[in-house]
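Just so it is clear, the values below take in all heavy atoms, side chains as well, and ignore hydrogens, waters and symmetry mates.
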Amino acid sequence: MYYLNAVTLLWAISFSLIGVYLAGQVDPWFSALTRIALAGLLFLPLLRLKNIAPKLALSLAGIGAFQLGLMYCFYYQSFLYLTVPEVLLFTVLTPVYVTLLYDLGQRKFKLKYLLSALLAVIGAMTMKYQGVNSGFITGFFIVQGANLSFAIGQVAYKRLIERQESEIKQSSIFGLFYLGALAVALPMYLIFGDSTKLPSTPTQWGVLIYLGFVASGLGYFAWNKGATLVNS
């Protein structure tokens, strides 16, 4: 839980940074691509593929494509329709998706896990609800796309590591996670990105660098490693 608690605090800062300094000012496709590329720079030097089966490598890249690449595609678009508190509010359904997806994979249903996840959702909604604007329906479904992408990736990573016969040093293969995410983010930027809305101030670049190296780089590794150490 230490990993998960620490990353939760780390990511809590990211919402406001994106909402204040990037949303509506910097192209969201560029923001997503930059974060993933910088995060990858942290772990690609650590990548060790000796004795790693191709199936494991492809699986990890696919997980990154969902949990980070596809998730960011939805996530950054949501800020165009929602305020920061609304994005936060709509992400609280993620624990329910994680619990249900993991139980589906295990072919077991743990009611107490679902109830605890629902309790977290109710608590978060109670604390964060501040009303919604006219774009909340569109924004809501965009955020749910991000939530599902994140949940699919998290559950898949946890199950992937659990199925390994021998213990794997996760930092030595996690670069594949970011390569998979990059395979989604790069073409999305090339197709939909707006090159006229790149960062224009040192603050915007600083925020992107922090989000890339710290929130995405260290954050996703610590979160997924933490997820392998606890139940769903």
How many angstroms lie between CD1 in I161 and NZ in K225, if you round to the nearest 0.5 Å?
-> 9.0 Å
Step by step, work out the side chain to side chain contact (heavy atoms under 4.5 Å, CB included) result for I63 and L176.
-> CA-CA 9 Å; I63 290 168; L176 295 166; over 6 Å; no
Given the rule that I, L, V, M, F, W and Y join up when any side-chain heavy atoms are under 4.5 Å apart, are I191 and L33 in one cluster?
-> yes
Passes side chain to side chain contact (heavy atoms under 4.5 Å, CB included), F43 versus L46? Steps please.
-> CA-CA 5 Å; F43 284 89; L46 304 176; 4.0 Å; yes
K158 side chain to L229 main-chain N or O, any donor-acceptor pair under 3.5 Å?
-> no
How far apart are the C-alpha atoms of L17 and L22, what are their side-chain angles, what is the distance that settles it, and do they pass the side chain to side chain contact (heavy atoms under 4.5 Å, CB included) test?
-> CA-CA 7 Å; L17 290 176; L22 301 179; over 6 Å; no
Do you reckon L58 sits in the same ILVMFWY cluster as L179, going by side-chain contacts under 4.5 Å, direct or chained?
-> no
Locate the shortest heavy-atom distance separating G40 from P45; write the atom from each residue and the value.
-> O-CD, 4.4 Å
Is the side chain of T34 donor-acceptor paired with the backbone N or O of S31 at a distance under 3.5 Å, no angle test?
-> no
Could you tell me whether W11 and Y220 have their ring centroids closer than 6.0 angstrom?
-> yes
How many angstroms lie between CD in Q25 and OG1 in T201, if you round to the nearest 0.5 Å?
-> 7.5 Å
Check S14 against L211 and note the closest heavy-atom contact, atom names and distance.
-> OG-CD2, 3.5 Å
Identify whether Y3 and L9 are in the same connected component of the hydrophobic contact network (ILVMFWY, side-chain heavy atoms under 4.5 Å).
-> no
Give the minimum heavy-atom separation between I173 and L60, together with the two atoms involved.
-> O-CD2, 2.9 Å
Are Y157 and F174 close enough that their ring centers fall under 6.0 Å?
-> yes
Might you work through the side-chain hydrogen bond (donor to acceptor under 3.5 Å, both in side chains) test for Q67 and N224, ending with a clear yes or no?
-> CA-CA 10 Å; Q67 190 179 0; N224 279 7; 2.9 Å; yes
Can any side-chain N or O of S16 pair as donor or acceptor with the backbone N or O of I13 at less than 3.5 Å?
-> no
Do you know the tightest heavy-atom contact between S195 and L198?
-> O-CG, 3.4 Å
For the side chain of S172 and the backbone of I168, is there at least one donor-acceptor N/O pair under 3.5 Å apart?
-> no
Given Y178, Y210, Y72, the one that forms side-chain hydrogen bond (donor to acceptor under 3.5 Å, both in side chains) with S216 = Y72
Enclosure of F140 CZ (heavy-atom neighbours >12, cutoff 6.0 Å) | yes
Joint cluster assignment, L190 & L182, ILVMFWY side-chain distance < 4.5 Å | yes
Does the side chain of L68 reach to within under 4.5 Å of the side chain of R35, using non-hydrogen atoms?
-> no
With a cut-off of 6.0 Å (strictly less than), are more than 12 heavy atoms of other residues, nucleotides or ligands near CZ of F66?
-> no
Would you say the side chain of S149 lies within less than 4.5 Å of the side chain of F74, judging by non-hydrogen atoms?
-> yes
Run the side chain to side chain contact (heavy atoms under 4.5 Å, CB included) check on S200 and W205 step by step: do they pass?
-> CA-CA 8 Å; S200 58; W205 280 110; over 6 Å; no
So, do I142 and Q77 sit near enough that their side-chain heavy atoms are less than 4.5 Å apart?
-> yes
Heavy-atom pair with the smallest gap, counting every atom of L42 and F213 = CD1-O, 3.0 Å
Any idea which heavy atoms bring P199 and F30 closest together, and the distance?
-> CD-CE2, 3.3 Å
